[in-house]
Amino acid sequence: MKFIKFYTTLFLITNICANIFAQETKAKVPEFVQYEHSVWVDSVMATLSQEERIAQLIMVAAYSNRGEEHKQEILKQIKEQKIGGLIFFQGGPVRQVTQMNEYQEASKVPLLGAIDAEWGLGMRLDSTISYPFQMSLGAIQNDSLIYAMGVEVAKQIKRVGLHLNFAPVVDVNNNAANPVINFRSFGENKINVAEKGIAYMLGLQDAGVLPTAKHFPGHGDTDTDSHYALPRITHSRARLDETELYPFREIIKAGIGGVMVAHLDIPALDSTGVPSTLSKPIISGLLKEELGFRGLIVTDAMNMKGVTEGHTPGEVDKDAILAGNDLLEFTVAVPKAIEEIKKAIKQGLISQKEIDARCRKILAIKQWAGLDKYKVIDIKNIDKDLNSSSTELLNRNLTEASLTVLRNQSDLLPLQQLDTLKIAAISIGGDKDNQFQKSLDLYTKIAHFSIPYEASIAELDSVKEQLSTFNLVILGIHDDSKFPRNNMKLTADVQSFLKSISKEKKSILTFFKNPYSLDNLGVAESVSSLILTYQDSKNSEDLAAQLIFGGVGANGKLPVSIGDKFKEGDGLDISGGMRFKYTLPEDANMNAELLNRKVDSLMQQAIDLKAIPGGQILIAKNQKVVFHKAYGYQSYSDTTKVKLTDLYDLASVTKISSALPALMKLKDDNKFSLEEGIETYLPYFKNSNKAGVSMRKILAHQAGFKPWIPYWKTTLRKNGTYKWKTIKKDSSARFPIKIAENMWLFKDYQKEIFKQIKKSKLEKEQKYLYSGLAFYLFPSLVENLTKEDFASYLDAKFYDKLGASTLTYNPNREYKLDRIMPTENDFLFRKEAIRGTVHDEGAIMMSGVSANAGLFSNANDIAKLMQMYLNKGTYGEEQYITEATMEEFTKYQFPDNNNRRGLGFDKPSLGERSINGNTAISASNSSFGHTGFTGTMVWMDPETNLLYIFLSNRVLPTRDNTLLYKSNTRTKIQQVLYEAMRD
């Protein structure tokens with residue numbers, strides 16, 4: 001985002017200078033004027049005939065999505081009529097550039113290329129970015145973002161070989177029924193319109209594209225579309241000066257290069273009834289003389305009925321020139337227009353000198369745009385250039401800055417205490433599984449419903465009945481058009497349903513439509529919270545969901561009034577940064593291209609190597625999720641692709657995700673001490689060789705415990721059959737623990753596990769030796785201290801509060817198997833393919849609930865717990881663990897004994913790092929995390945505020961598949977994260 005910072009500073013300096021200059025003169029002269037008598041303009045003028053000088057004032061319409069016949073027609077007009085320019089409409093960027101190159105080669109004088117790109121190239125060209133409509137931009141409080149958008153739009157326009165943008169719209173939209181301006185306006189506040197118009201204009205102009213303010217003298221207060229008829233505006237001259245003309249006056253003072261004249265009948269300015277495009281008093285008198293405008297004056301399209309009704313093609317173009325226009329846009333009868341203008345010169349209605357002056361103006365613009373040194377536009381990498389990550393981030397930032405909260409009773413937004421909320425989300429008129437729903441799901445468990453605009457009473461009653469157990473409802477009213485029209489298609493029954501819901505429950509309404517249509521929505525005044533996004537797009541849906549949960553904030557202000565319900569300028573400030581913000585790498589100053597290319601490559605290598613069948617990766621920096629991808633398939637023989645919502649067996653990552661948060665909290669509650677021996681909390685171990693071994697040493701793997709015990713082997717006789725008191729084929733009260741199909745474990749077998757741990761030998765020397773034994777004991781330890789079920793305690797104190805709904809034991813009890821990744825095809829113990837239950841044999845023998853292994857999660861939910869750690873115990877504005885305890889548990893405990901471990905947490909190797917080490921070479925010594933046997937890894941680095949989650953099922957088909965370790969894919973990817981960070 002360096003370009004934004006640079007251009008923001010430049011914008012502020014330019015704006016200050018422009019304001020000082022404006023105080024001294026009426027209007028700043030556009031930059032291109034300096035070239036009107038340049039050597040190049042003189043040389044071109046010398047080669048042009050009278051007809052060719054007139055033709056320079058004509059711009060015809062071109063389409064890159066029409067066939068060869070259309071292209072030949074354009075080429076003919078270039079070669080025979082020598083037209084001065086083209087305005088491009090629908091098409092695609094590659095076709096656009098290819099054709100423009102061909103047209104330029106055919107032209108005697110380089111062609112001026114224009115486009116209507118009010119919200120970017122996406123207004124006309126497919127496969128390109130569409131920025132928010134100007135109504136959305138009108139809500140933004142930081143005009144430097146508008147400037148940055150202008151810069152980026154200009155870069156994209158130039159990239160497709162064009163030079164003029166027929167934007168910004170600076171009409172003051174003070175008529176809610178306006179069918180043609182409406183959402184294309186910055187709003188009804190003339191000052192806001194002027195300031196944002198100037199910001200957009202300066203961005204375009206500073207980046208080398210000529211802007212044109214439109215539609216002079218103001219098209220905002222009409223309910224007629226000039227494409228189909230001539231609108232009439234009956235306001236007094238005083239009113240026009242006060243309101244409609246204000247933004248044009250200010251943007252002219254600021255030095256805009258172009259102004260487009262509308263087709264309007266304005267008696268106060270010209271009583272003859274002619275369209276303003278053909279009015280000499282309006283163009284020559286008002287625009288040129290009174291306002292002192294010396295830039296390019298462009299007609300609105302000359303094929304619109306607002307100007308063609310009652311006028312003959314060609315003659316109407318001549319009349320537009322006589323009125324004072326410099327450039328005719330969308331002339332439909334070029335030879336006739338040239339002929340009529342020649343007649344007017346002969347008749348003395350206009351002089352050749354005046355025509356020459358306008359021709360010089362067009363040529364001066366061409367030189368200003370660099371056409372005096374014209375180069376062919378290269379199509380290589382054009383799609384990539386037009387759709388960069390920085391461009392998309394700017395697009396998202398604009399949408400985020402426009403979000404407007406109009407109601408927020410009891411400070412409901414952003415949502416807090418997620419564990420107290422049971423949330424349902426209803427999308428009205430939206431696609432099923434839309435982006436709004438997907439983004440809501442990132443934060444907590446939500447039940448989703450969809451109803452059409454015209455839902456039947458039976459459908460509504462069914463939904464209402466299902467809502468009875470929910471205490472919060474999120475409503476999303478979507479748009480059925482890509483343009484935010486004023487219409488409201490909800491039936492009376494649907495409106496009544498929404499009102500009823502909002503009165504019975506806490507409710508949040510997110511309105512993805514034109515703000516004017518809120519006036520026809522009764523529920524707008526009864527919901528607890530109301531969010532306005534101005535339009536329906538993936539970005540607006542995504543960011544509105546993030547706003548609800550505090551991932552982003554809101555400070556947009558309503559740019560128009562909505563009947564008597566809301567006034568222009570309304571909008572509440574809502575803070576963000578509470579929880580994850582889901583965004584792009586550039587938002588955290590990371591290189592998206594490098595990150596995507598290298599991580600994708602390393603994951604594909606691992607999949608091709610059959611080190612893993614697939615996986616999930618999540619990367620967050622500064623609590624911003626900048627990378628969240630799923631790769632490959634659930635298994636090697638499967639065709640089911642991994643989804644971001646799929647659950648993985650976390651294996652030993654369970655150690656730092658279950659017992660550890662519980663022990664840290666108990667320490668904060670003064671119920672647990674690191675200096676006490678294990679027998680203090682588990683008296684069973686009083687008379688064992690483990691008595692007196694401190695919890696600090698145990699958690700730091702410094703206690704001399706054996707690494708592991710194959711508990712399952714003690715269930716077998718020498719002949720391979722199961723001992724009578726261990727496993728049965730059928731379940732019963734004595735054998736209730738399911739190990740596998742036809743395998744049920746004795747109810748008290750946990751005592752046997754404890755017994756084996758108690759009797760196990762200690763190493764002679766207490767030095768670093770990784771052991772999972774104590775983690776089988778910790779659930780009982782926690783239960784002894786809390787008097788609560790271990791899993792329930794974790795849910796209540798951590799997972800539910802975090803919104804980490806998939807972070808769970810025994811996922812097969814709640815989730816379908818097709819959402820849970822398979823692990824090993826177990827030929828030794830369970831004799832079946834393992835899916836939906838924990839891979840670890842010891843954990844399954846403890847009913848799947850252990851602190852050594854047993855937790856499942858998707859990358860997104862485990863990331864919430866890890867981010868809480870990275871935040872030193874805080875997430876969602878709730879303190880789970882004190883900062884002091886987090887620092888104690890995450891530091892090296894026995895480094896003098898060559899032990900790299902923290903308390904439960906793994907840490908980087910001591911001494912010199914290796915590329916094959918346990919973590920990235922660039923990871924700081926303060927970083928911490930853990931890996932898991934199934935192919936998982938989580939790691940946090942406080943020095944860079946970096947979080948890394950890697951989930952896979954590398955033990956498929958068997959644990960003997962160690963290729964993930966050998967390829968060191970996990971740490972290689974982690975190193976890429978550091979390489980992608982920009983200074």
Side-chain angles (χ1 to χ4, degrees), residues 3 56 58-79 82-131 149-167 203-205 207-212 258 298 327 329-330 362-363 365-392 394-395 593:
F3 78 95
Q56 283 296 304
I58 294 174
M59 182 172 276
V60 301
Y63 299 78
S64 59
N65 66 346
R66 295 187 179 178
E68 184 66 21
E69 186 178 344
H70 171 72
K71 187 178 81 170
Q72 292 303 323
E73 180 185 337
I74 298 296
L75 284 169
K76 181 179 180 181
Q77 292 186 84
I78 291 170
K79 293 174 181 177
K82 307 293 196 299
I83 55 174
L86 300 169
I87 173 172
F88 279 86
F89 289 89
Q90 288 78 19
V94 174
R95 291 166 289 165
Q96 153 77 46
V97 170
T98 302
Q99 287 190 14
M100 190 57 173
N101 284 339
E102 191 170 348
Y103 295 149
Q104 290 285 24
E105 186 170 347
S107 183
K108 176 181 177 180
V109 178
L111 294 161
L112 201 58
I115 193 167
D116 285 304
E118 295 167 22
W119 52 86
L121 288 181
M123 183 172 174
R124 296 299 188 207
L125 303 183
D126 61 36
S127 310
T128 57
I129 291 246
S130 286
Y131 291 102
M149 186 190 84
V151 170
E152 191 58 41
V153 170
K155 288 166 61 178
Q156 294 186 24
I157 288 173
K158 290 167 70 175
R159 185 65 184 86
V160 296
L162 305 178
H163 322 95
L164 268 70
N165 187 7
F166 290 149
L204 288 167
Q205 215 155 262
V209 164
L210 195 79
T212 52
V298 187
L327 183 63
E329 181 213 339
F330 212 135
I362 301 298
L363 294 173
I365 292 169
K366 292 182 178 184
Q367 184 171 0
W368 175 83
L371 285 170
D372 58 325
K373 299 179 179 67
Y374 167 72
K375 292 181 180 178
V376 172
I377 303 297
D378 189 359
I379 63 171
K380 185 179 179 181
N381 295 324
I382 190 166
D383 287 332
K384 182 179 177 181
D385 293 343
L386 294 175
N387 295 281
S388 67
S389 296
S390 60
T391 302
E392 179 54 34
L394 174 60
N395 200 7
E593 190 279 329

Enquirer: Starting from the C-alpha separation in whole Å, work towards a yes-or-no answer on side-chain contact (heavy atoms from CB on, under 4.5 Å) for Tyr131 and Met123.
Expert: CA-CA 9 Å; Tyr131 291 102; Met123 183 172 174; over 6 Å; no
Enquirer: Any sub-3.5 Å donor-acceptor pair from Thr212's side-chain atoms to Gly258's backbone N or O?
Expert: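 Flag not set: sc Thr212 to bb Gly258 has no pair under 3.5 Å.
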Enquirer: Would you check if there is a donor-acceptor pair between the side chains of Ser64 and Gln99 at a distance under 3.5 Å?
Expert: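 No, no side-chain donor-acceptor pair sits under 3.5 Å.
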Enquirer: How long is the span from the OG atom in Ser107 to the CG atom in Leu112, to the nearest 0.5 Å?
Expert: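 Reported value, rounded in 0.5 Å steps: 10.5 Å.
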Enquirer: For Ile382, check side chain to side chain contact (heavy atoms under 4.5 Å, CB included) against everything at least two apart and list the hits.
Expert: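 Ile382: side chain to side chain contact (heavy atoms under 4.5 Å, CB included) contacts with Pro93, Val94, Val97, Arg159, Val160, Leu386.
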Enquirer: Report yes or no: does Asn165 contribute a side-chain atom to a donor-acceptor pair with the main-chain N or O of Ala117 at less than 3.5 Å?
Expert: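 Checking the backbone N and O of Ala117 against the side chain of Asn165, a donor-acceptor pair under 3.5 Å is found.
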Enquirer: Between Asp372 and Lys366, is there a donor-acceptor pair closer than 3.5 Å when you use the side chain of the first and the backbone of the second?
Expert: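 It does not hold such a pair.
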Enquirer: How many angstroms lie between atom CG of Leu327 and atom CG of Leu164, to the nearest 0.5 angstrom?
Expert: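 It comes to 7.5 Å.
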Enquirer: Is it true that Asp116 and Arg124 make a salt bridge, defined as a side-chain N closer than 4.0 Å to a carboxylate O?
Expert: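 A salt bridge is present here (some side-chain N lies under 4.0 Å from a carboxylate O).
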Enquirer: Could you tell me the separation between the NZ atom of Lys380 and the CG atom of Asp385, rounded to the nearest 0.5 Å?
Expert: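 Lys380 NZ to Asp385 CG: 10.5 Å, rounded to 0.5 Å.
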Enquirer: Could you give the distance from CD (Glu102) to CD1 (Ile74), rounded to the nearest 0.5 Å?
Expert: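 That separation rounds to 11.5 Å.
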Enquirer: Do Val60 and Ile58 have side chains that get closer than 4.5 Å, going by heavy atoms?
Expert: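 Side chain of Val60 against side chain of Ile58, heavy atoms only: contact under 4.5 Å found.
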Enquirer: Go through the side-chain N and O atoms of Lys375 and Gln104 and say whether any donor and acceptor fall under 3.5 Å apart.
Expert: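 Looking only at side-chain atoms, Gln104 and Lys375 do not form any donor-acceptor pair under 3.5 Å.
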Enquirer: If you count heavy atoms of other groups shown closer than 6.0 angstrom to CD of Gln72, is the number above 12?
Expert: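 More than 12 within 6.0 Å, yes.
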Enquirer: Under 3.5 Å, is there a donor-acceptor pair between the side chain of Lys82 and the main chain of Lys108?
Expert: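 It does not hold such a pair.
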Enquirer: Should Val153 and Leu121 count as side-chain neighbours, where that means a heavy-atom distance under 4.5 Å?
Expert: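 Heavy-atom side-chain distance check fails, nothing below 4.5 Å.
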Enquirer: Crowded around Glu105 CD? As in, over 12 foreign heavy atoms under 6.0 Å?
Expert: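 12 or below, so no.
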Enquirer: Give the C-alpha distance, both sets of side-chain angles, the deciding distance and a yes or no for side-chain contact (heavy atoms from CB on, under 4.5 Å) between Met59 and Ile83.
Expert: CA-CA 7 Å; Met59 182 172 276; Ile83 55 174; over 6 Å; no
Enquirer: Is the backbone of Ala62 close enough, under 3.5 Å, to the side chain of His70 for a donor and an acceptor to pair up by distance?
Expert: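 No; judged by distance alone, with no hydrogens or angles, the pair does not exist.
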Enquirer: Hey, are the side chains of Phe166 and Leu210 touching, using non-hydrogen atoms and a 4.5 Å cut-off?
Expert: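 No, too far: nothing below the 4.5 Å cut-off.
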Enquirer: Grab the two heavy atoms, one from Tyr103 and one from Leu111, that are nearest each other, plus how far apart they are.
Expert: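 Nearest pair, atom of Tyr103 first, then Leu111: O-CD1, 3.6 Å.
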Enquirer: Could you check whether any side-chain N or O of His163 sits under 3.5 Å from a backbone N or O of Gly113, counting only pairs where one atom can act as donor and the other as acceptor?
Expert: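 Present.
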Enquirer: Apply the test side-chain contact (heavy atoms from CB on, under 4.5 Å) to residues Ile115 and Leu125: give CA-CA distance (whole Å), side-chain angles for both, the deciding distance (0.1 Å), then the verdict.
Expert: CA-CA 10 Å; Ile115 193 167; Leu125 303 183; 4.2 Å; yes
Enquirer: How far apart are the C-alpha atoms of Gln96 and Asn65, what are their side-chain angles, what is the distance that settles it, and do they pass the side-chain contact (heavy atoms from CB on, under 4.5 Å) test?
Expert: CA-CA 8 Å; Gln96 153 77 46; Asn65 66 346; over 6 Å; no
Enquirer: Give, for atom OG of Ser130 and atom CD of Glu118, the distance between the pair rounded to the nearest 0.5 Å.
Expert: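 Reported to 0.5 Å precision, the distance equals 11.5 Å.
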Enquirer: Could you label the plane-to-plane angle of the Phe89 and Phe330 rings as parallel, tilted or perpendicular, counting under 30° as parallel and over 60° as perpendicular?
Expert: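 The arrangement is tilted - the two ring planes meet at 30° to 60°.
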Enquirer: Got more than 12 heavy atoms from elsewhere within 6.0 Å of NZ, Lys76?
Expert: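 No, NZ of Lys76 has 12 or fewer neighbouring heavy atoms, counting only those of other groups under 6.0 Å.
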Enquirer: Under 3.5 Å, is there a donor-acceptor pair between the side chain of Asn101 and the main chain of Ile377?
Expert: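 Yes.
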Enquirer: Hey, does Glu152 have a side-chain heavy atom less than 4.5 Å from the side chain of Ile129?
Expert: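 A side-chain contact is absent here, since even the closest heavy-atom pair is not under 4.5 Å.
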Enquirer: Considering non-hydrogen atoms only, spot the tightest contact between Val209 and Lys158 and give its length.
Expert: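 Taking Val209 first and Lys158 second, the nearest heavy atoms are CG2-CG, 3.6 Å.
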Enquirer: Quick one: does Met100's side chain get under 4.5 Å of Leu86's, heavy atoms only?
Expert: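 Met100 vs Leu86: side chains touch.
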Enquirer: Quick one: are Thr391 and Asn395 in side-chain contact, heavy atoms under 4.5 Å?
Expert: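 Heavy-atom side-chain distance check fails, nothing below 4.5 Å.
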